[in-house]
Structure formats: C-alpha cells, structure tokens
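Report on the following structure.
Bear in mind the structure is a predicted one, so any value in this text is a computation, not a measurement. Quick note on labels: first sequence line is chain A, next is B, and so on, each numbered from 1. No hydrogens, no waters, no symmetry mates; every other heavy atom, side chains included, goes into these values.
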2 protein chains.
Amino acid sequence: MTQAPSKSRSRSKGRVTLSDVAQRSGVSAITVSRALNDPEKVSPNVRDRIEKAVSELGYIPNRAAKSLATNSTNTIAVVIPSISNTVFSSVVKGIYDVCTPLNYEVLFANTYYSIQNEENLLSKLLTQHPDGIIVTGLDISERSEKLLKSASIPVVQIMEVGQQQPIDMNVGISHYDAGKTMGKYLVRKGYQRIGFIGAQMDFRSQRRMSGFLSALAEAGHDSSRYVLTTPEPSTVKLGGQLIGDMLMEHPDIDAVFCNNDDIAYGAIYECQRRHLRIPEQIAIAGFNDLDASACINPSLTTIKTPLYEIGKTAAELLIKRLKNQPIKETQIDLGIKLQERDSA
Amino acid sequence: MTQAPSKSRSRSKGRVTLSDVAQRSGVSAITVSRALNDPEKVSPNVRDRIEKAVSELGYIPNRAAKSLATNSTNTIAVVIPSISNTVFSSVVKGIYDVCTPLNYEVLFANTYYSIQNEENLLSKLLTQHPDGIIVTGLDISERSEKLLKSASIPVVQIMEVGQQQPIDMNVGISHYDAGKTMGKYLVRKGYQRIGFIGAQMDFRSQRRMSGFLSALAEAGHDSSRYVLTTPEPSTVKLGGQLIGDMLMEHPDIDAVFCNNDDIAYGAIYECQRRHLRIPEQIAIAGFNDLDASACINPSLTTIKTPLYEIGKTAAELLIKRLKNQPIKETQIDLGIKLQERDSA
DNA sequence: AACGAAAATGTTAGCGCTAACATTCGGAGG
DNA sequence: CCTCCGAATGTTAGCGCTAACATTTTCGTT
C-alpha cells in the first residue's frame with residue numbers, strides 16, 4: 001500500500017482517481033470507466049473486482065473531468081424569480097422529481113424579478129455549460145435571448161403560454177385567460193362593483209389583470225375604477241394593506257380579485273378584522289390555489305394552476321430533447337381550473 | 001473568419017475556447033486567462049484587446065475545465081429536507097444571498113426527511129466535489145458522517161445546536177429550549193390542560209416536544225395526556241385534522257402548542273369552523289413565526305426563529321473557512337424569541 | 001483444429017483550463 | 001550605454017476522464 005511517488009510538478013491533491021482504482025484491480029483505467037458507466041460492457045468477474053476496489057478506496061468520480069471529456073455536464077439550469085416564493089417552490093419540486101432520479105443536477109438562479117439580474121445570472125449560469133435550461137416567462141430581454149440562442153442548448157420557458165413565440169419550447173398556462181375566467185365568473189355571480197388588487201405586477205400578473213379587466217368591460221362594467229396595484233413583492237401583509245386602501249377609497253366595493261393567493265389571504269384577514277362578512281359583504285378571489293386556500297376561513301375561491309406539473313413537464317420535455325427522443329408538442333398549455341369555494 | 005481545420009480525432013463541439021480568444025487578440029492563452037481572472041496582472045492595452053475579443057466571439061469560460069485545473073469547484077452543496085418547505089426556503093435565501101455575489105454556485109439535495117435518501121444524495125453530491133457543504137441537522141447516520149469526513153471539506157450543520165458534537169461547524173438554535181420556553185409561557189399564562197400536536201416529527205420536532213413536555217412536567221402538569229403526533233409531512237390541512245382529533249378525545253383542552261406555524265394555521269382555521277373562540281376557549285401557539293403569522297386572525301403567538309440568518313451565517317462561516325479567514329466560533333446559537341400575540 | 005466474428009480489454013490523445021517555471025520587456029540607476 | 005530588476009508575457013505539462021480506434025480473448029462453427 002505504498003503511495004506512488006508523485007511526479008515532479010504534480011498538482012494532485014491526493015484524491016483517489018480512476019487510475020488508482022484501475023491499478024488496485026489490475027485493469028486499465030478505461031475498463032474501470034466502463035464498469036462504472038456501462039457495466040454490461042465488462043465481464044462480471046472484472047466488474048466485481050473493480051467494485052471491490054472502488055469501495056475499498058472510497059473512490060468518488062470527478063464530475064468536472066467527466067464533463068470536460070464528454071462535453072456534457074448532466075446539469076440543467078433553472079432561472080426563476082425566487083425560490084422562497086411558494087409558487088416556484090412547487091414548480092421546482094416538479095423539476096427535481098424528474099431530474100434527480102435521472103441523475104441530472106439542477107442549478108438555480110433567482111432573478112428577484114429583475115431583468116438586469118436575469119442577464120447577469122444567465123451569463124454566469126452558462127459558464128457551467130448546462131445541457132439545457134428552464135427559464136421563467138416569455139418576456140425576455142434581447143440580450144438574454146441572444147445569450148440563450150448562442151449557447152445552443154434546449155430551452156424551456158415556463159409558467160406562461162401565449163401569443164409570444166417561445167425561443168424553443170414552452171410549458172405553462174395562459175394568464176390572460178385565467179384573468180378572464182375569473183372576471184366572467186364574478187360577473188356571472190352578480191357582483192356589481194368588482195375590483196382588482198395586486199402586488200409585484202410582473203408580466204404575468206399584468207396579463208392576468210388585463211384578461212380580468214377585459215371580461216369586466218365586455219360585461220359593461222366600469223373596469224378601471226376599482227384597480228389598485230403596487231410593484232412591491234407580494235406578501236400576506238401587503239394583501240391586508242391593499243384591501244385596506246381599496247376599502248378606504250371605495251367602501252362600496254363588493255368583490256375583489258387578488259393577484260395571487262397570498263394577497264388574498266391578507267385581504268381575508270383584514271376584512272375579518274374589519275368585521276366584513278365574506279362573501280356576503282365582500283367577495284374575495286385568489287390565484288394559484290395554494291394548499292392553504294382550501295383550509296382558510298372562508299375557503300378561498302381561486303384559480304387552480306398546475307404548478308408542480310409545469311415543473312415536471314418542463315423537465316421531462318427538456319430531457320427528452322437531450323436524449324433525442326421524439327417530442328409531440330413543443331408548446332404545452334396545461335390549463336387552469338376555477339376552484340369555486342366559499343369566499344366568492 | 002475561417003474555421004481552423006479540426007485535428008484528426010477532435011471531439012470539440014465548436015465552442016469558443018480560451019485559445020480562440022487568445023489567437024484573436026494575438027496573445028497566449030494564459031494571458032487571456034489572467035486577464036479574466038486577475039486583470040491587474042495584464043497591461044491595460046492587452047486587457048482591452050482581450051475584452052474586445054471576448055465579446056466579439058461571445059466567449060463563455062468552461063467551468064469544468066477550470067475546476068479540473070484548479071482542483072476547486074467554487075460550489076457549495078446544501079442538503080435540506082425539502083425546498084418546498086417555507087422554512088427552508090428562507091434558509092436557502094440566506095445562503096444564496098451570501099454565495100451569489102461571491103460567485104459560489106449552490107447545489108441542492110432534498111432528502112424529504114429520509115436518512116436513506118440522505119446517504120445516497122450525499123454520495124451523489126460529493127461527485128461534484130463541492131468546496132464545502134451545508135447539511136441540515138445534527139443527527140447524521142454513521143455512513144453519512146464517514147462520507148463527509150472522507151471528503152475532507154468544511155461542513156456546516158444547520159438548524160440546530162445542542163449536546164451533540166458537530167462534525168465540523170454548526171449554526172442553529174436549541175429546539176429543546178424553544179419547546180421549553182413555550183411550555184413555561186403557557187403555564188405562566190395559567191392554562192390548565194395544555195396539549196401538543198405535531199406532524200413530520202423529525203428529530204428537531206421531537207426535541208421541541210420534549211423540551212415542551214418537560215416544562216409542563218416541571219410545573220406539575222400531566223404532560224403526556226394531551227399529545228398527538230403523526231409522521232406525515234406537515235401541512236395546513238393536517239393541522240386542522242390533528243386539532244380535530246385532539247378535540248374529539250379531549251374536548252376540555254385549553255391550549256395547544258403546534259409543531260410549527262403551518263400546523264397552527266390549520267388548527268386556527270379548524271377552531272374557527274367549530275366556533276371556538278381563540279384564545280378564550282382554546283389557545284393556539286406555533287413555531288417559526290412565518291410572515292403570515294402576524295397577519296392571521298387572531299395573530300399567532302409563536303417562537304420566532306432566525307431562518308434567514310441561519311442560512312446567511314452558515315454560508316458566511318463556510319466561505320470564511322474556504323478562504324482561510326479566522327473564525328471566532330465554530331458553534332453558533334442564533335437564539336429564538338417568544339413572539340407574544342393574540343392567539344394565546 | 002482452424003477460422004472468424006463478437007466480446008472484452010487496452011492505447012493514445014485530447015477535452016479547456018491554469019500552476020509552475022521560463023523568458024522577454026521596459027525603464028530606473030549608475 | 002549597460003546592468004539589473006520587477007512587470008508582462010510565454011511554454012510546458014497535467015488536472016481526471018472518456019472517445020476513438022487497436023488489440024487480444026473467447027467461443028461457436030465447420
């Protein structure tokens with residue numbers, strides 16, 4: 001068990017390498033490589049010897065070397081606004097559940113909803129030469145688009161499908177239609193003074209709002225009157241503030257569509273605090289149908305979005321493309337569902 | 001702009017490399033490398049030429065090659081139970097906020113609270129040869145511990161500090177003390193039949209529970225009577241079920257400490273549904289102090305935990321170690337705070 | 001027993017980058 | 001004008017792995 005004398009200018013840090021395993025098991029390095037990556041190409045008894053050596057030496061393959069040699073990283077990059085947003089953590093779970101068993105590594109970048117950030121993060125991410133990339137949204141800056149295209153790797157844009165042409169593939173829902181669905185629903189329910197409150201107001205929120213308002217307009221409602229938005233990141237607390245401000249200005253409002261469920265929770269809490277009965281005095285609706293939405297009092301009428309499925313489908317699509325498997329559609333609308341409950 | 005004829009057995013995929021940039025700017029590869037990594041080592045006018053070539057060619061460095069040459073990946077690995085858990089997404093944000101600006105890549109693995117998973121994920125993660133690693137919890141299987149030690153990289157264990165000796169460094173809070181704090185508080189408030197409900201019941205939850213129960217016992221309460229737990233993952237919905245079951249068996253219970261805020265939300269909703277007044281008829285307390293806890297009705301009495309700070313501190317500690325900077329303490333208790341509100 | 005094809009294993013070189021040492025350059029000091 | 005020294009740049013080799021081709025072994029067939 002003597003250490004081989006290191007070469008004059010060696011930079012090795014003494015880690016166990018493939019050749020150590022090869023030496024120990026009396027075969028060449030490439031055979032060990034095959035035993036590990038393609039076991040059926042190696043005879044059973046050699047394979048056993050190699051496995052024994054691997055575990056005795058505690059060999060851990062070096063992925064960087066593999067990447068360099070194969071020109072592929074088995075990594076997929078994911079660009080999302082923020083992991084700490086419940087919405088995206090569901091999406092991310094879907095991505096993980098597909099990638100982990102297939103041995104794809106997942107790399108995140110959080111843009112925090114800033115386009116500037118997106119460009120920087122993107123070029124940083126590409127430094128890792130991911131095999132494929134999942135990015136949030138269809139609205140991408142020209143520079144980002146250029147970066148993505150020049151990387152010449154498959155791209156899936158998620159969360160949204162719509163008029164805009166995706167760079168490559170696309171999985172999501174139509175936010176405009178979602179807004180419209182809710183607008184029609186509230187009109188149909190007979191509400192008269194229907195409002196909208198929203199935070200963050202990224203592109204998708206804006207499209208939800210415009211779908212919503214166009215439904216109201218089509219029904220002859222004065223749609224622009226009861227709208228209150230802020231670019232601040234959306235939180236439960238902010239939902240309370242927004243509904244508060246709205247009620248201050250329009251005490252007669254009788255239904256509010258909230259940007260998302262978090263805002264809706266805040267709105268519900270604030271209404272309770274003001275002893276407004278929901279939905280009799282004021283109806284509240286949300287968007288996403290998070291887990292808690294079915295439990296809150298009153299249970300929240302909202303739009304159910306297939307968050308986990310978006311992540312899962314996007315990852316599957318990407319990996320199919322990477323494995324050159326046939327792909328039926330490159331643009332997938334996973335649809336939404338109006339979840340009628342007690343709050344509206 | 002003719003393509004250099006590829007060598008006989010080239011495996012290159014036509015990506016722009018350092019040498020392409022070098023050729024274009026009329027210097028050697030190493031000079032380009034220096035211009036990019038250590039700009040002040042290169043004369044200004046050469047630097048300009050190189051920068052120009054980089055942007056003209058759209059050069060993106062290959063991190064795998066760099067890792068292989070430098071024997072360091074600029075990557076830190078993070079092992080947590082689940083990203084989709086709000087608690088961990090705060091922690092993760094803390095980690096990101098430290099790592100991203102310093103150009104450290106972050107790699108996740110979700111164990112979903114399974115020790116078996118942890119071992120597998122760990123060996124997969126180590127394949128990437130991260131420079132350092134952050135793992136959740138002090139309770140680690142022997143095999144995992146061996147793996148970590150043999151990787152000989154710095155390790156920070158997070159979420160919890162306690163009796164158990166950490167492998168290397170440690171940032172968190174004492175869950176036992178947290179439970180005890182809440183137990184004492186509820187006793188002091190004069191509640192008589194104090195219970196505990198909990199889901200998931202991982203090691204940390206168990207320690208919270210045992211701290212809590214010992215506080216009750218010390219105060220002469222019959223602590224074991226009003227306890228209801230389940231190993232299922234905790235959700236808001238499950239909180240409702242647990243309190244429901246608890247009330248079925250012990251309708252006289254007058255205070256309940258919930259495993260975490262999500263369970264507490266579910267409990268509050270369910271009590272509302274049953275028209276039990278909180279805190280008059282039944283007090284509810286939680287753990288973590290998530291954003292929504294201050295907004296819910298009634299606002300939730302809970303234990304505030306420094307989630308973001310845990311992530312941030314852990315990442316800072318790890319990076320200090322990686323840069324061989326002096327470290328004052330290797331075990332940091334960030335402490336908790338009892339957040340008194342209306343629900344208890 | 002000889003042949004040939006398939007299976008098993010080996011050799012060589014190169015993926016893109018940087019450490020370590022080597023050389024050249026530019027300018028201050030005599 | 002030469003010497004010397006630090007700054008700027010270059011040369012060489014190697015990080016750990018695998019693609020591509022090369023060689024050897026195995027084994028069924030005639």
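When the side-chain nitrogen and oxygen atoms of A/Ser33 are compared with OP1 and OP2 of D/dC17, none of them lie within a distance under 4.0 Å. Contact annotation: A/Ser67 side-chain N/O to C/dC15 OP1/OP2 distance is not under 4.0 Å. Side-chain nitrogen and oxygen atoms of B/Thr17 include none within less than 4.0 Å of the OP1 or OP2 phosphate oxygen of C/dG16. Within the structure, a side-chain polar atom (N or O) of A/Thr31 is placed less than 4.0 Å from OP1 or OP2 of C/dG10.
Taking atom CZ on A/Arg47 and atom C1' on C/dA7, their separation rounds to 13 Å, with Å as the unit. Taking atom CZ of A/Arg15 as the reference point, atom C1' of D/dC17 lies 15 Å away to the nearest angstrom. Atom P of nucleotide D/dG16 and atom NE2 of B/His129 are separated by 9 Å, given to the nearest angstrom. Taking atom CG of A/Leu36 as the reference point, atom P of C/dT9 lies 14 Å away to the nearest angstrom. C/dG16 atom C1' lies 15 Å from atom CZ of B/Arg63, rounded to whole Å. Atom CG in A/Asn71 sits roughly 12 Å away from atom C1' in D/dT18 (whole-Å rounding). As rounded to whole Å, 12 Å separates atom C1' of D/dG16 from atom NZ of A/Lys66. For A/Lys41 and C/dA6, the NZ to P distance is 15 Å, given to the nearest whole Å.
A/Asn110 and A/Ser82 share no donor-acceptor pair across their side chains, judged by distance under 3.5 Å alone. When only modelled atom types and interatomic distance are considered, A/Thr73 and A/Asp131 share a side-chain donor-acceptor pair under 3.5 Å.
B/Arg47 approaches B/Val42 most closely through the heavy-atom pair NH2-O, 3.2 Å. Residues A/Ile95 and A/Ile134 approach most closely at CD1-CD1, 3.9 Å, considering heavy atoms.
Set against D/dC17, D/dG10, C/dG16, the side chain of B/Arg34 has D/dG10 as its closest nucleotide. With C/dT9, D/dG10, C/dC17 as the candidates, the nucleotide lying closest to the side chain of A/Val42 is C/dT9. The nucleotide whose nearest atom lies closest to any side-chain atom of A/Val46 is, among C/dC15, C/dT9, C/dA19, C/dT9. Between C/dG16, C/dT18, C/dG10, one nucleotide has an atom nearer to the side chain of A/Val27 than all others, and that is C/dG10. The side chain of A/Asn62 approaches D/dC17 more closely than any other nucleotide in the set D/dT11, C/dC17, D/dC17. The B/Ile30 side chain lies nearest to C/dA20 when the options are C/dA20, C/dC17, C/dG10. Listed nucleotides: D/dT9, D/dC17, C/dT18. Nearest to the side chain of B/Thr70: C/dT18. Candidate nucleotides D/dT9, D/dG16, C/dC17 were compared by shortest atom distance to the side chain of A/Ala65, and D/dG16 ranks first. Of the listed nucleotides (D/dG16, D/dT9, D/dT18), D/dG16 has the atom at the smallest distance from the side chain of B/Leu68.
Counting non-hydrogen atoms of other residues, nucleotides and ligands closer than 6.0 Å to NZ of A/Lys312 gives a total of 12 or fewer.
Below 30°, between 30° and 60°, or above 60°: for B/Phe108 and B/Tyr96 the angle between ring planes is between 30° and 60°, a tilted geometry.
In terms of position along DNA chain C, the nucleotide closest to A/Ala29 lies nearer the 5' end than the nucleotide closest to the other residue of the pair A/Ala29 and B/Ile60.
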